[in-house]
Amino acid sequence: MSTAEDVHERWQLTPQFIENSGRAVIPVSGEIHFSRLPRARWEDRLRLMKAGGITVVACYVFWLHHEQQQGLVRFDDNLDVAAFVQLCGSVGLDVVLRIGPWAHGEARNGGFPDWVQAANVKHRTNDPAYLALVTAWFSRLGHELKGLMGPASNVVGIQLENELYDQPAHIQELKKIARRTGFSAPLWTATAWGGAELPVKEVMPVYGGYGDGFWVDAEAPWDPTFRQHYFFSHEWDDPGIGADVRKNLGGESTEGSGRGTAGYPAATCELAGGMATAYHRRPWPDARDVAAIAHNKIGNGSAWQGYYMFTGGANPAAHLQESQATGYPNDFPNFDYDFHAPVGAAGRLAGSFAQLRKQHAFLAAFGDQLAHMSSALPDRQPEDVDDTTTLRWALRSDGTAGFVFITWHQPHVPLETHQPTQFTLELNDQTLTLPSHPVAIPPGTIAHWPINLSYNGVHLSWATASALTVVGAASHPTLVLTAEAGIPVELRFGPDTHVPGRTLAPDGTFHIDHAELPLTLTASSGNSSLPILILPPHLGDEAWALESERGRELVLSAEPVWISAAGTLSGRSTGRPAVQRYNPSSGSFDDLHLTVHAGTIGLHTVNTEALFTAKTVPASYGSSGGRAAAPDEYTMAGLAASFRLHLPPVLLEEGQATRHLELEIGWTGDVARLLVDGEVVNDRFWDGSPWIVEVHDAGIVPGSDVVLQILPLAKDAEVGLPKDAQRLRDSNAGALHSLDYVHLQGWQSWEERDVENSP
């Protein structure tokens with residue numbers, strides 16, 4: 001790959017890392033499904049992903065979505081894979097195509113069209129009859145992508161199959177078919193979790209990591225396969241991912257064998273961006289649950305950070321979801337595939353977006369150094385996944401410089417503040433102890449502290465604040481750090497370093513009070529100097545490191561920003577935009593001159609009209625393999641409460657100007673459906689989170705008849721909920737359902753105004 005066949009102009013694979021244009025990089029890939037999003041939303045989502053630090057787009061190509069009837073293959077509208085790949089290129093994003101042909105992705109039949117599923121062939125094997133079906137599909141898909149793959153392409157990876165454990169010869173055959181039918185990429189990959197046997201010289205193994213999952217039983221305790229990801233480790237396999245489907249489909253696994261990993265960088269394609277909601281089990285990971293796993297993988301030595309999902313969506317039509325009716329153990333919503341992703345199905349950012357964005361800014365600025373650094377674990381490590389007292393940390397270093405990674409967070413089993421601690425690092429030619437005095441580590445800490453960083457002739461021995469990015473010209477860089485909540489900021493510099501306005505201890509150490517932040521100070525050594533900006537924790541969460549024509553910029557905004565096609569800073573806001581850019585020359589943040597486009601903004605209450613009262617619901621609608629089944633359409637129509645939503649026409653009309661108007665529904669119950677003019681357009685399983693639907697994407701226009709149905713959740717239904725939702729359920733005497741509020745959230749777009757060239 002990349003050196004012997006499918007040679008690429010930019011990308012090259014080495015045993016330790018990926019090179020892009022001759023520079024070691026740590027790619028950051030995020031999963032987005034173009035066929036699960038309206039085509040008009042593609043660019044918005046891609047620019048948000050890039051602004052969040054994603055460098056590579058990963059996407060399943062669901063055979064089911066394109067060829068529901070044999071021979072009738074569609075690539076129109078939001079199925080236009082070629083247009084999607086081209087758009088990614090114009091935005092500046094590379095692409096990994098996950099072409100299957102079996103994909104999973106909570107799609108019906110794992111992504112097989114029904115006629116393929118029903119074919120008299122041995123699926124997912126080298127049965128010639130099955131391979132003939134695959135060849136025809138790959139040929140059609142390859143033809144559609146003709147001219148978009150090759151040495152100069154932004155298609156840099158192709159994944160074959162998914163979660164196939166014991167068919168290495170089949171994966172090898174799929175690669176041969178794909179290359180014969182026009183596919184080309186410098187990297188060919190296959191999922192390696194569950195001890196998968198892979199054709200070692202043909203595909204790069206990629207791994208995953210989820211902190212919770214729908215694929216265990218409703219009342220199952222927090223599984224060790226989830227817990228393990230909140231610890232630093234050099235084990236990349238996860239035997240738990242999709243284990244229920246593996247068992248259901250008859251696949252075999254040599255769990256934990258790690259076969260097929262030698263000689264390749266440690267890479268992931270499915271770190272938890274969130275989690276899908278099955279009927280029987282409905283996890284809702286919070287921002288730090290997601291960020292902690294990703295952070296650990298970097299500390300573990302990750303050479304590629306890959307998320308599933310990074311951007312949510314919705315199935316393009318009804319009955320395309322995984323369900324018990326199609327032989328799978330889980331029922332999923334007909335439409336909803338929000339996944340609690342960093343970028344939600346409606347385009348709203350989850351809290352995880354900001355937490356991951358900080359890590360991605362770090363990788364963009366320091367990845368070329370980090371890629372050469374190996375991971376080391378401390379002498380004293382946690383005894384097992386139940387250990388809640390031993391601090392979890394790792395060192396990633398080249399023997400001289402590096403970063404200390406600390407992650408003191410996990411869900412479900414809270415951690416207490418860790419007793420005051422110091423870290424002793426044995427490097428090649430020195431021993432470092434930091435900080436100068438022991439500090440307590442609060443729960444929720446996710447930190448990576450720099451060790452022996454040198455910029456512009458100034459040496460920073462260490463800091464107890466996380467490295468975020470480097471901005472400014474290469475000849476005059478500014479190092480940006482972010483403080484950790486509850487941890488004092490301390491910096492130590494090399495000999496003969498001076499910091500104006502600060503008195504350094506004899507060892508080059510000094511402290512900074514959090515109340516002083518944000519703060520820019522300048523460290524000088526001889527004739528060299530290095531400005532260092534230190535942000536308080538709350539501004540670290542608002543920091544965006546954006547690549548523009550001016551270079552890397554540091555922008556502060558609590559709401560979405562990105563670089564537009566015209567190269568200008570753009571964004572959207574729910575009110576007056578509050579956006580600042582860091583000026584390295586002055587060491588301060590400047591307010592921006594913005595052009596704000598008129599449109600619906602603010603939060604507006606929607607009046608509702610009760611149409612039907614909910615009827616008594618049973619404890620069960622059936623089950624498969626001991627897992628509760630979702631109610632069918634007749635049950636919803638007959639037992640659910642029903643409400644008409646009176647959406648103000650004037651707001652809908654004004655919303656056309658912004659093309660981003662959200663319907664936010666606060667509710668409790670079991671299942672909800674949204675109907676527009678009598679047709680179900682979206683649905684949701686309740687887990688305690690608000691339900692966000694983009695109004696225009698739901699087909700709501702002035703005059704639409706919009707109805708919401710809410711089915712009560714029976715007291716004794718075998719449904720696993722997040723703890724807050726379960727607490728609310730427990731406090732209710734009987735079946736639970738309510739409509740708490742319906743809001744319209746309006747957003748307006750804006751862009752930076754060129755003051756110098758304005759008339």
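The residues of the chain are indexed from 1 along the displayed sequence.
Between H448 and F405, the ring-plane angle classifies as tilted under the 30° and 60° cut-offs. Using a 30° and 60° split on the angle between ring planes, F353 and W544 fall in the tilted class, from 30° to 60°.
In this structure, the side chain to side chain donor-acceptor pair (under 3.5 Å) partners of T509, at least two apart in sequence or on a different chain, are R492, D507. E9 meets the salt bridge (charged side-chain N to carboxylate O under 4.0 Å, His left out) test with no other residue; sequence neighbours excluded. Annotation: side chain to side chain donor-acceptor pair (under 3.5 Å) contacts of T520 (sequence neighbours excluded): Y582. R581 is linked by a salt bridge (charged side-chain N to carboxylate O under 4.0 Å, His left out) to E553, E752, counting only residues two or more places apart in sequence or in another chain. Taking R380 as the reference, nothing meets the salt bridge (charged side-chain N to carboxylate O under 4.0 Å, His left out) condition, with sequence neighbours excluded. Every residue two or more places apart in sequence or in another chain that forms a salt bridge (charged side-chain N to carboxylate O under 4.0 Å, His left out) with D368 is listed here: R23. For Q16, the side chain to side chain donor-acceptor pair (under 3.5 Å) criterion is met by no residue, not counting sequence neighbours. For the side-chain contact (heavy atoms from CB on, under 4.5 Å) test, residues two or more places apart in sequence or in another chain that qualify with A523 are V458, F493, T497, V499. Residues that satisfy the side chain to side chain donor-acceptor pair (under 3.5 Å) test with S525, not counting sequence neighbours, are absent from this structure. Every residue was checked against the ring-ring contact (aromatic ring centres under 6.0 Å, His included) condition with W188, not counting sequence neighbours, and none meets it.
For residues 287-296, there are no salt bridge (Lys or Arg N to Asp or Glu O under 4.0 Å) pairs, not counting sequence neighbours. Screening residues 392-408 for side-chain hydrogen bond (donor to acceptor under 3.5 Å, both in side chains) gives H295-T407, N296-T407, R392-Q410 as the qualifying pairs, with residues at least two apart or on separate chains.
Side-chain contact annotation: D6 with S184, donor-acceptor N/O pair under 3.5 Å present.
Closest non-hydrogen pair, H459 versus S454, comes out as ND1-OG, 2.8 Å.
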